[in-house]
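Position 1 is the first residue of the sequence; numbering continues from there. When a ligand or atom number is given, it counts from 1 through the structure's own listing order. Just so it is clear, the structure is predicted and the values come from calculations on it, not from any experiment. For the numbers below, each heavy atom of this structure counts, side chains included, while hydrogens, waters and symmetry mates do not.
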Amino acid sequence: MAHRIAVIAGDGIGPEVTAEAVKALKATRADLEFEEALVGGAAYDATGHPLPKETLELCKSADAVLLGAVGGPKWDKVEPVALRPEVGALLPLRSELNLFANVRPAKTLRPLLSASPLKGERGLVDLVVVRELTGGIYFGKPRERRDNGEVAIDTCVYSKPEVRRIAERAFEIARHRRREIVSVDKANVLETSRLWREVVDEIAAQQPDISVSHMLVDNCAMQLVRNPQQFDVILTENMFGDILSDEASMITGSLGLLPSASLSTPKNGKVFGLYEPVHGSAPDIAGQGKANPLAAILSAAMMLEYSFGDREGADRIEKAVEAALDDGLRTADVFEKGCRLVSTSEMGDAIAKKIIS
Ligand code: NAI
Ligand code: MG
């Protein structure tokens with residue numbers, strides 16, 4: 001049966017890059033159905049809400065969601081704040097779709113090695129950060145001011161089931177990679193981190209084919225710059241993952257290259273997920289054909305792999321991306337002397353052609 005994909009392209013360069021991701025998916029000839037819906041500022045303009053009920057229903061009933069980006073200066077001052085695209089669409093999508101696992105690969109594309117801020121071969125990384133997305137200090141209560149506003153409190157809470165489900169995702173992901181997990185915490189200080197370690201060790205004992213080690217978050221931040229090749233899968237909680245995933249991804253050079261997945265629990269044998277580029281709607285270059293579609297296209301490859309178990313299709317997309325770069329095609333953001341400057345759709349066309357052949 002066909003896999004049903006909800007396509008919510010959103011604002012700014014969202015529709016431009018998402019169109020190229022759909023093109024790449026179609027080129028794989030996998031059995032896929034696409035249904036489009038409005039999200040973000042575009043949805044607010046049309047319906048008065050950045051996440052209309054029909055859009056949410058479509059996403060819930062689909063097997064996977066492909067998101068472009070939402071937001072832009074046009075909607076920055078919308079009142080109430082809850083109707084702004086980022087607050088009114090992104091956050092409810094995550095909670096309504098129960099997307100508790102954020103997966104961010106940082107993989108250097110060899111032809112773009114010179115874009116890495118790390119010198120020479122050190123910039124050659126292939127790792128994945130698996131970040132818990134719906135717990136920890138960003139969601140714990142109480143979160144408040146006391147003593148006439150002089151004191152502020154945030155609360156970090158994790159339960160064993162919360163840790164278990166994210167850790168199990170990471171083990172599953174590691175099994176298709178180098179089978180090495182580094183679990184990152186601050187267990188020398190935090191009680192939640194000690195609970196985190198306990199749960200990870202329990203799972204590690206049941207799944208001895210995966211090697212697991214623990215690392216303190218400050219050390220991990222340092223090791224990512226010193227020797228990022230040592231990492232395969234980094235498993236960590238919400239706030240540490242927020243910071244480390246940004247740090248890790250920048251090793252690869254450009255925001256236009258970074259895909260991501262946010263996963264839920266498996267249903268009907270498929271892992272439900274929302275796939276989107278890490279970048280935003282880039283209003284400064286929207287509508288000019290300048291956007292780099294690679295992050296969106298690589299997000300589509302992640303969808304094939306993680307949600308539909310189609311590793312071969314994902315591999316074909318990734319190889320096509322590398323081949324287009326090897327041919328010297330570059331969008332403006334990663335342009336170098338001696339390369340050929342192409343538009344968003346020219347890049348997408350070139351990649352689709354390579355996937356088909
Ligand atoms: P941004 O990621 O949209 O842009 C940052 C810079 O990177 C800009 O100079 C942009 O031109 C460039 N850039 C981003 N993606 C690119 C691509 N694919 N190709 C070439 N250049 C690219 O971040 P910014 O400017 O902070 O936010 C713009 C809007 O996007 C805001 O409204 C923000 O709230 C929203 N946003 C939405 C996200 C989402 O939908 N998940 C995530 C981040 C921001
Ligand atoms: Mg961040």
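- Taking the ring axis of Tyr306 as reference, the NZ or CZ atom of Lys270 does not stay both within 45° of it and closer than 6.0 Å to the ring centre.
- Donor-acceptor pairing under 3.5 Å is lacking for the side chains of Asp154 and Tyr138.
- A salt bridge does not link Arg4 to Asp63: none of the charged side-chain nitrogens sits closer than 4.0 Å to a carboxylate oxygen.
- Protein neighbours of ligand 1 below 4.0 Å, counting non-hydrogen atoms: Ile13, Ala69, Val70, Gly71, Gly72, Glu86, Leu90, Leu255, Gly256, Glu276, His279, Gly280, Ser281, Ala282, Pro283, Asp284, Ile285, Ala291, Asn292, Asp333.
- Side-chain contact, Arg104 with Ser249: a donor N or O sits under 3.5 Å from an acceptor N or O.
- A side-chain donor from one of Asp45 and Trp75 sits under 3.5 Å from a side-chain acceptor of the other.
- Under the side-chain hydrogen bond (donor to acceptor under 3.5 Å, both in side chains) criterion, Glu144 pairs with Arg146, sequence neighbours left out.
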